Amino acid sequence: MLISEKQTIKVMLINPPRTLFEGSQDFGVHFPIGLLSIAAMIENICEVKIFDSFINNFEINKTKNITIYGTPFKKIKEEIAKFHPNIAG
């Protein structure tokens with residue numbers, strides 16, 4: 001789909017959940033500076049939304065061998081559908 005000059009391009013930047021496998025080392029939670037840098041570079045040419053799975057709907061989901069820290073993927077998909085971006089990543 002071509003985007004006309006009158007349309008607003010919508011970009012959603014996502015800080016995804018972290019998956020920790022049994023026996024692996026813990027991870028550090030860091031400020032998503034990379035996403036913020038990208039958002040700062042494009043904010044004047046499009047509408048930008050940052051979704052941080054460590055802030056929005058944070059959950060810890062454990063199964064036998066893995067633990068997932070962050071927003072469940074189903075909720076991330078719902079947020080993407082609500083915002084309806086041209087680009088998500």
Side-chain angles (χ1 to χ4, degrees):
M1 166 182 20
L2 295 174
I3 307 225
S4 71
E5 291 178 24
K6 294 182 180 181
Q7 283 184 311
T8 301
I9 298 172
K10 295 170 81 174
V11 177
M12 186 171 193
L13 302 173
I14 302 166
N15 188 23
R18 301 292 187 272
T19 301
L20 201 63
F21 295 92
E22 184 179 354
S24 58
Q25 292 181 328
D26 284 341
F27 61 90
V29 177
H30 305 284
F31 200 62
I33 194 79
L35 293 182
L36 295 172
S37 297
I38 293 168
M41 295 295 291
I42 63 174
E43 69 179 343
N44 292 327
I45 60 171
C46 59
E47 182 180 349
V48 181
K49 179 177 182 173
I50 296 175
F51 184 88
D52 190 340
S53 68
F54 288 92
I55 296 173
N56 303 90
N57 300 306
F58 180 83
E59 292 182 16
I60 299 173
N61 293 302
K62 295 181 181 185
T63 63
K64 184 178 179 183
N65 297 322
I66 64 170
T67 304
I68 299 174
Y69 296 88
T71 306
F73 292 111
K74 181 180 178 183
K75 289 183 181 178
I76 293 173
K77 288 179 185 179
E78 290 170 1
E79 289 297 319
I80 292 170
K82 274 195 254 181
F83 186 60
H84 196 68
N86 301 93
I87 301 167

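No experiment lies behind these values; they were computed from the predicted model shown.
Annotation for I33: hydrophobic cluster partners, listed by chain and number, are none (ILVMFWY side-chain heavy atoms under 4.5 Å, direct or chained).
Taking CG from N86 and SG from C46, the interatomic distance works out to 9.0 Å, rounded to the nearest 0.5 Å. Atoms CD and NZ, on E47 and K10 in that order, are 5.0 Å from each other to the nearest 0.5 Å.
The hydrophobic cluster containing I42 also contains I9, counting ILVMFWY residues as joined when their side-chain heavy atoms lie under 4.5 angstrom apart, directly or transitively.
For residues 34-45, no pair satisfies salt bridge (Lys or Arg N to Asp or Glu O under 4.0 Å), with sequence neighbours left out. The salt bridge (Lys or Arg N to Asp or Glu O under 4.0 Å) contacts involving residues 28-42 comprise nothing, where partners must be two or more places apart or lie in separate chains. The list of salt bridge (Lys or Arg N to Asp or Glu O under 4.0 Å) pairs with a residue in residues 31-40, not counting sequence neighbours, is empty.
The side-chain contact (heavy atoms from CB on, under 4.5 Å) check on L13 picks up V11, L35, I38, A39, V48, I50, with sequence neighbours excluded. Applying the side chain to side chain donor-acceptor pair (under 3.5 Å) test to N15 and every residue at least two apart in sequence or in another chain returns R18, D52. Not counting sequence neighbours, the partners of F31 by the side-chain contact (heavy atoms from CB on, under 4.5 Å) test are L36. Among residues two or more places apart in sequence or in another chain, the side-chain contact (heavy atoms from CB on, under 4.5 Å) test is passed with I60 by F58, K62, T67, Y69.
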Between side-chain atoms of residues 73-81 and protein atoms elsewhere (two or more places apart, or another chain), which donor-acceptor pairs fall under 3.5 Å?
from	atom 1	to	atom 2	distance (Å)
K75	NZ	E59	OE2	2.9
E79	OE2	K82	NZ	3.1

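Here the closest heavy-atom approach between residue S53 and residue P17 is recorded as OG-N, 3.0 Å.
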